[in-house]
2 protein chains.
Amino acid sequence: MPALSSQPPKRQILEHFAGIARVLGHAHRLEIIEQLAQGERAVEGIATRLGQSVANTSQHLQLMRRAGLLSARRDGKRVLYRLAGTDVIDVVSALRRLGEAHLAEVRAVMEGYFHSKDDMEPVRRDELAARLGAGDVTLLDLRPEDEFIAGHLPGALNIPLDQLEVRLAELPENREIVAYCRGPYCVLSFEAVAVLRARGIGARRLEDGFPEWCAASLPVEHGMSTP
Amino acid sequence: MPALSSQPPKRQILEHFAGIARVLGHAHRLEIIEQLAQGERAVEGIATRLGQSVANTSQHLQLMRRAGLLSARRDGKRVLYRLAGTDVIDVVSALRRLGEAHLAEVRAVMEGYFHSKDDMEPVRRDELAARLGAGDVTLLDLRPEDEFIAGHLPGALNIPLDQLEVRLAELPENREIVAYCRGPYCVLSFEAVAVLRARGIGARRLEDGFPEWCAASLPVEHGMSTP
DNA sequence: TCATCATTCAATAATTCAATTGAATGAATG
DNA sequence: CATTCATTCAATTGAATTATTGAATGATGA
């Protein structure tokens, strides 16, 4: 809670933005956001996933709620938290990009974690466009269905992120999966790649998203998916 | 400098991202980034603009440099700092959007600062498309010249942000100015509106940027500007 | 109503962070 | 070579955060 003293208004506003950044400045809270990006969760569920006490998790959740990152609703005995909006995801994914780009230590950890460096590198737009013709790539669109219908990459399969775990069977085997979403700052494709990798399914993400693909005058399809 | 203990790799990575967020979690540092978004600056110049001591500013700068947000070069006696990359701007502008959207207090301060609420609200894409025909709007493209040449909104004037202050005379008077840049998460248009307002020039920014305009199948021009 | 369960609050101790002060580099100029 | 000036370092103080503990809400169901 930043102090609202009699400072110039610009400074006051920056103080608020800095307050939000401080709220994001804790690994547990970033992990909570990652959880909630996939849907509503109760306090205890989050706490066990984090391996932290319920009281501690509750305080983190409330801090984020006060900062406007989360909202909560009561369902019987439980209090279900969810992200206040997609712009929370936007900040976290921009943060992730920045961290990946500039922090050498992160790259080192990642290269130790994933088998090869290529696995983690995003697919470039031109590379993808060239490989689409060959037909050995499955495109996975993680946006909500209405956005998908309004326009998507040719031949893409639409599975919104929150349904990914239950619809894994729809993914063809033995084809490389390239995930994409709203744009380079959207975290949906990051999350999807993480989910797929956790199940041993090879997947990479597109460097940017649908708007940029469009802007590059590459082919676009409209309407429902026809599998 | 987050601890790199023997934690699961995912936790280690989140720890690093959180560290970056903490570095952003201070109003002075956000203000430094705002300064450096306009170009290289020496330590003392930044310090005087912030109204802080040189020693203190130097420490903030070094903290940001260690976090990978800034880089520095020596020029004679002075050390010139600059942003390490545009992704720093991306995070700050995503943060800004989040703060503006969710923090009621920020809105209150803004409404007290600017004359009317409308002044601060971005121009929606469809609204702009409709008004382009009438010809009472000057479009201002703040991206670097090469990006402008590759494609821009019809009739737009290209003044990269770092040249804005010296090229103010090129702006026509008595027309509303709408600034745009790379996308909704790019801070260039935010900065431009701030610069213009500080000189009493009415300006608003486009809700999103060039890729989204393209994605919406709206008209696009290529090549140099022809004033 | 009472007991139960999930969540929240309040108080504490350990850690981390911010700004100040004064001294120490390190390049440029006479 | 010594001086000057911009920047950095080191040490201190005061403030803010984090995780823990145990008690207090507040809704549910017997």
Side-chain angles (χ1 to χ4, degrees), chain A residues 1-5 7 11 14-32 35-36 40-67 69-82, chain B residues 1-5 7 11 14-16 18-33 35-36 40-67 69-82:
Chain A
M1 45 207 111
L4 256 185
S5 59
Q7 289 182 325
R11 180 64 57 88
L14 288 179
E15 202 70 60
H16 280 288
F17 294 160
I20 295 176
R22 271 197 300 274
V23 171
L24 294 174
H26 195 288
H28 288 170
R29 295 196 284 262
L30 291 181
E31 203 167 352
I32 288 174
Q35 300 282 341
L36 296 181
E40 280 185 330
R41 291 266 191 288
V43 180
E44 190 172 11
I46 298 169
T48 55
R49 278 163 202 259
L50 293 193
Q52 291 296 119
S53 75
V54 173
N56 189 8
T57 305
S58 171
Q59 302 204 33
H60 283 304
L61 288 167
Q62 287 173 70
L63 184 64
M64 292 196 279
R65 193 171 53 75
R66 280 197 299 272
L69 305 184
L70 306 183
S71 58
R73 74 182 176 90
R74 186 148 210 141
D75 175 41
K77 291 183 180 180
R78 297 159 185 268
V79 175
L80 299 180
Y81 281 87
R82 63 176 181 280
Chain B
M1 46 208 114
L4 257 184
S5 59
Q7 289 182 326
R11 180 63 58 89
L14 288 179
E15 202 71 60
H16 280 289
I20 296 176
R22 273 197 299 275
V23 171
L24 294 174
H26 195 289
H28 287 171
R29 293 196 284 262
L30 290 181
E31 202 166 353
I32 288 174
I33 290 175
Q35 301 283 339
L36 296 181
E40 280 186 330
R41 293 262 189 291
V43 180
E44 189 173 11
I46 298 169
T48 56
R49 279 164 202 257
L50 292 194
Q52 291 296 118
S53 75
V54 173
N56 189 9
T57 304
S58 171
Q59 301 204 31
H60 283 303
L61 287 167
Q62 286 173 70
L63 184 63
M64 293 198 279
R65 193 170 53 75
R66 279 198 299 272
L69 306 183
L70 307 183
S71 58
R73 73 183 177 90
R74 187 147 210 142
D75 174 42
K77 291 183 181 180
R78 299 162 183 265
V79 175
L80 299 180
Y81 281 87
R82 63 177 182 282

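Chain identifiers are assigned alphabetically (A, B, ...) following the order of the sequence lines, protein sequences preceding nucleic acid strands; residue numbering begins at 1 within each chain.
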Just compare [options] and give me whichever is closest to any side-chain atom of [X].
X	options	value
B:S58	C:dA6, D:dT20, D:dT7	D:dT7
B:H26	C:dT8, C:dA19, C:dT20	C:dA19
B:V43	C:dA18, D:dT8, D:dA19	D:dT8
A:H28	D:dA19, C:dT7, D:dT7	D:dA19
A:K77	C:dT7, C:dA11, D:dT28	D:dT28
B:S53	C:dA6, D:dT7, C:dT20	C:dT20

I need the [atom1]-[atom2] distance between [X] and [N], as an integer number of Å.
X	N	atom1	atom2	answer
A:N56	C:dT7	CG	C1'	14 Å
A:I32	D:dT18	CD1	C1'	13 Å
B:L61	D:dA6	CG	P	16 Å
B:E44	D:dT4	CD	P	17 Å
A:Q52	C:dT7	CD	P	16 Å
A:R78	D:dG26	CZ	C1'	15 Å
A:L50	C:dT7	CG	C1'	16 Å
A:E40	C:dA6	CD	P	18 Å

Does the side chain of [X] get closer than 4.0 angstrom to OP1 or OP2 of [N] through an N or O atom?
X	N	result
A:R74	C:dA6	no
B:Y81	D:dA6	no
A:H60	D:dA19	yes
B:R22	D:dT17	no

By the 4.0 Å heavy-atom rule, please label A:A55 as base, sugar-phosphate, or nothing.
base
Would you classify B:R65 as touching base, sugar-phosphate or nothing, given that sugar-phosphate means primed atoms plus P, OP1 and OP2, and contacts are heavy atoms under 4.0 Å?
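No contact.
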Record whether the side chain of B:Q62 comes under 3.5 Å of the base of D:dT7 through a donor-acceptor pair of N or O atoms.
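Looking at the base of D:dT7, it does not pair with any donor or acceptor on the side chain of B:Q62 (distance under 3.5 Å).
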Go through the N and O atoms of the side chain of A:Q59 and the base of C:dT7, and report whether any donor-acceptor pair is under 3.5 Å.
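No pair found.
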Go through the steps to decide whether B:M64 and B:I33 satisfy the test side chain to side chain contact (heavy atoms under 4.5 Å, CB included), and finish with yes or no.
CA-CA 9 Å; B:M64 293 198 279; B:I33 290 175; 4.2 Å; yes
State, without any angle test, whether B:E44 and B:T48 hold a side-chain donor-acceptor pair at a distance under 3.5 Å.
no
Straight-line distance of A:E40 CD to A:R78 CZ, nearest 0.5 Å
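Taking CD in A:E40 and CZ in A:R78, the distance rounds to 12.0 Å.
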Flag the pair A:L36 / A:R82 as yes when at least one side-chain heavy-atom distance between them is below 4.5 Å, and no otherwise.
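They are not in contact (no side-chain heavy atoms under 4.5 Å apart), so the answer is no.
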Can you confirm whether A:R66 sits close enough to A:L63 that some side-chain heavy atom of one is under 4.5 Å from a side-chain heavy atom of the other?
yes
Describe, in one word, how the ring planes of A:H26 and A:H60 are oriented to each other, choosing from parallel (under 30°), tilted (30 to 60°) and perpendicular (over 60°).
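Tilted, since the angle between the ring planes falls between 30° and 60°.
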